[in-house]
Structures are given as structure tokens and as C-alpha cells.
Number of protein chains: 2
Amino acid sequence: MRADARKNYTHVLTVAREVLTEQGATASLRDIARKADVGLATLYRHFPSRDALVETLLRTELDVLTDRATELEKEPPSAESLIDWFKDSVRYFQRYRGVTDLMAAAYADPQSALFTSCSRVRAAGNSLLARAQAVGVASNELDEADLFALIAAAGWMSDPPSFNDRADHLIDFIARAMLR
Amino acid sequence: MRADARKNYTHVLTVAREVLTEQGATASLRDIARKADVGLATLYRHFPSRDALVETLLRTELDVLTDRATELEKEPPSAESLIDWFKDSVRYFQRYRGVTDLMAAAYADPQSALFTSCSRVRAAGNSLLARAQAVGVASNELDEADLFALIAAAGWMSDPPSFNDRADHLIDFIARAMLR
DNA sequence: ACCTGAACACCGTTCAAGT
DNA sequence: ACCTGAACACCGTTCAAGT
């Protein structure tokens, strides 16, 4: 990548992070380009879709999340490790307001730039869930797709302003329902 | 209301119901006006906001829902009655794709035309929940706001195409978690 | 009283023209 | 190779002007 292109790329990312933090994942791409002092088409050149932009912003945290799952798998399976990871995942989905709607759509769309992220979360969750089920601490009624859906729903509930104030309580409630 | 106004009003509603059924609750209001052969400003005169339009469309079903709650209260409190009503409520939130996002926003906004609907659902759920808790069949960890949030989240999960295929299973899972 | 077209200030997306 | 302004086809919202 040419030096000027690289500079634009990283600068757009920095500005995008700020704007999405403030306005949520549905923020105007035009606005981001404007604030980055860059032509709108330049933003599109680097990030051909909203999903691609968000994916780039979330990638680092996704690595943290999957690393955490790998870490937990070194320990013996337990209810705690499943719940801990569940809550970490929900936090991942809470990174920007409204990101859960993007993820839910991407989940069903292999063309989306966020599809791979969804798959990785799903796969990481699956092994933790399977291990917990094997030792009888997690409900056998759930499979990996259910787990992903519950993470997404918990993330959705956390979006301010609606249920934000009881989100922690409800996430805990759902997490405990997965056990037994 | 003048005869021509009344005719426009009902015709817009008919067309809106079709369009929302097809395209979900975020469908273009312009498109609805166009399909109803009515000026866009005429639609706005009758329904000053998207919420007002959706509220009018949902009102009938809300009455069914609250009537059902009143009905259930005549019987002795039970886990079944709470769960049945929970599922009815989720169905109410599923009436149009994406309506749950509108409801969640309206829940925190007393200015919204949908706020009253939210409150009525919440109140109806509260009495059923309280009765079930009193006889020890529902978890004491939940209050009426939690119940509303869970209904909304369950409705959100049902939006196609993401988790649509396992929505019934997950709604059942959440419903059973509320017991005990 | 009610309706309408047009205007305003926005979107996302694409592309020919520039350096 | 990369960037840009402008164009296109849309939004939601408002309002003066018509009947």
C-alpha cells in the first residue's frame, strides 16, 4: 500500500472509531469521511461496506475473545468458564451501540465482511459449550447456534437507552439458565 | 373527520399494513404514501410519526393481548398461564419484522406514540408475574421490567433471517428459565 | 378542513476525471 | 495507484399554496 493510502486508511479508522463510539454502528459513513477530511469514495475504496469497516474495528477484540476461549480450554471444563466466556462475548457485541443488529444480519449472510467474525465466535463458543455439556454442567437443550443467538440477544438488550440499566442482571439470568 | 379524510386514513392504513408485512417496520413512509396514491404530507397529517402509524396498526392486537391477560387472571395463578401469555406477547412483538427495535426505543421514550402500548404490555405482564411469584412458580429474580425486556429480546431473535429457525426453541428456553 | 407539490437537508453508492 | 467531486436515486420532514 502506498504511503498516502496507508495514512488515509489508518486515519479513517481512528475517526470511525470515535464516531461509532459516539453515534453507534449506524452512524453516517459520509459523516465519517467528512470528519476524516477524506473523499467519501476514499472511504469506500478502503472499506467497501459498513460491515467491512466495523469488522476491521472489531478484529482486535475478536482475537482477544477467541484467545480467551483457547485459554479456558486448558483448564478443566466448568460452568464458570462457560459463563465467563459468555459474558466476554456479550461485551464484544456491546462494543458499539447497534452492532448486534449488524452481527445478526451478518450471521445469515456469508457475503458479509462480518460473517467470519460470527463464525469464529460461534466456533469458540461451541467447544466451551460441548465441554461443559460433557461434564453435565450445561443444558443439553442448547447447541452452538443457540448460544450465539443468546449472546446476540443479550448484547441487543444492552443497547442504551432501553434496557441498559438491567442488562447486567438479565445477562446473568440468561447465563445461569444455560447451566443445569 | 371529513369523508374524504376518513377514506384516505383507512386506505393508508390498509396499504401500510401490506407494505410493513412485506418489508418490515422500517419500510419507507414515502413508499407507503406512493402506493396509497396519497401525498406524503397527507400520510404525515394522519400519522405524525412512524411510531404513530405502527401503533395504530398494532392497537387491535394489543387489545387481544391485554384481554388475554385479564382472562388468565380469572383462573388460579400457574406457570402455564404466565408462559402462555409470555408467548402471546412475543407474538405481538413479531407482528412486523423489526418492530421490536421500535418498541425498545419507545419503551424509554414517553413521547413516543408506542409508549402507551409498552406500558400496557408491561402492566399486564406484571400482574401475571406477581401472581405466579406469589404461589412460588416464577423466579423472584425478575420484575415487570425484566419480563418486558425478555419479551422484547425474544421478539428480536425471531426476526428473520438470522435466528428465525430456532426462535421457537429459544423462546421456550427463556420461558422455562423464568419459572422456578 | 384537508390535500399536495416542492423544497430542504440528508443518506448510500458509483464513476468519470484528475494527479 | 490512489483520490475526488459530482451525479444518481433515494430518505424523512416541513410548509406555502391550492381546493
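Side-chain atoms are counted along with the backbone in the values below, which use heavy atoms only and exclude waters and symmetry mates. A note on names: the letters A, B, ... follow the listed sequences, proteins ahead of strands, and every chain is numbered from 1.
- Protein atom CZ of A:Arg45 is 14 Å distant from nucleotide atom P of C:dA16, rounded to whole Å.
- Base engagement by B:Ala41 is indicated by at least one non-hydrogen atom pair under 4.0 Å involving a base atom.
- The phosphate of D:dC11 has OP1 or OP2 within less than 4.0 Å of a side-chain N or O from B:Arg34.
- OP1 or OP2 of C:dC3 has at least one side-chain nitrogen or oxygen of B:His46 nearer than 4.0 Å.
- Remark: P of D:dG12 and CZ of B:Phe47 are 15 Å apart, rounded to the nearest angstrom.
- Counting non-hydrogen atoms of other residues, nucleotides and ligands closer than 6.0 Å to CZ of A:Arg176 gives a total above 12.
- Under the 4.5 Å side-chain criterion, counting only non-hydrogen atoms from C-beta, B:Met1 is in contact with B:His46.
- Atoms CZ (B:Arg30) and C1' (C:dA7) sit 10 Å apart, rounded to a whole Å.
- Comparing B:Ser28 and A:Thr42, the nucleotide of DNA chain D nearest to each residue sits closer to the 5' end for A:Thr42.
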*Decide yes or no on side-chain hydrogen bond (donor to acceptor under 3.5 Å, both in side chains) for B:Glu75 and B:Ser81, but give the supporting numbers first.*
CA-CA 9 Å; B:Glu75 299 167 23; B:Ser81 64; over 6 Å; no
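- Distances shorter than 4.0 Å separate none of the side-chain N or O atoms of B:Asn8 from OP1 or OP2 on C:dC2.
- Of the options B:Tyr107, B:Phe148, B:Phe86, a ring-ring contact (aromatic ring centres under 6.0 Å, His included) to B:Phe93 is made by B:Phe148 and by none of the others.
- Across all strands shown, C:dG18 pairs with D:dC2; the Watson-Crick or G-U wobble distances both stay below 3.5 Å.
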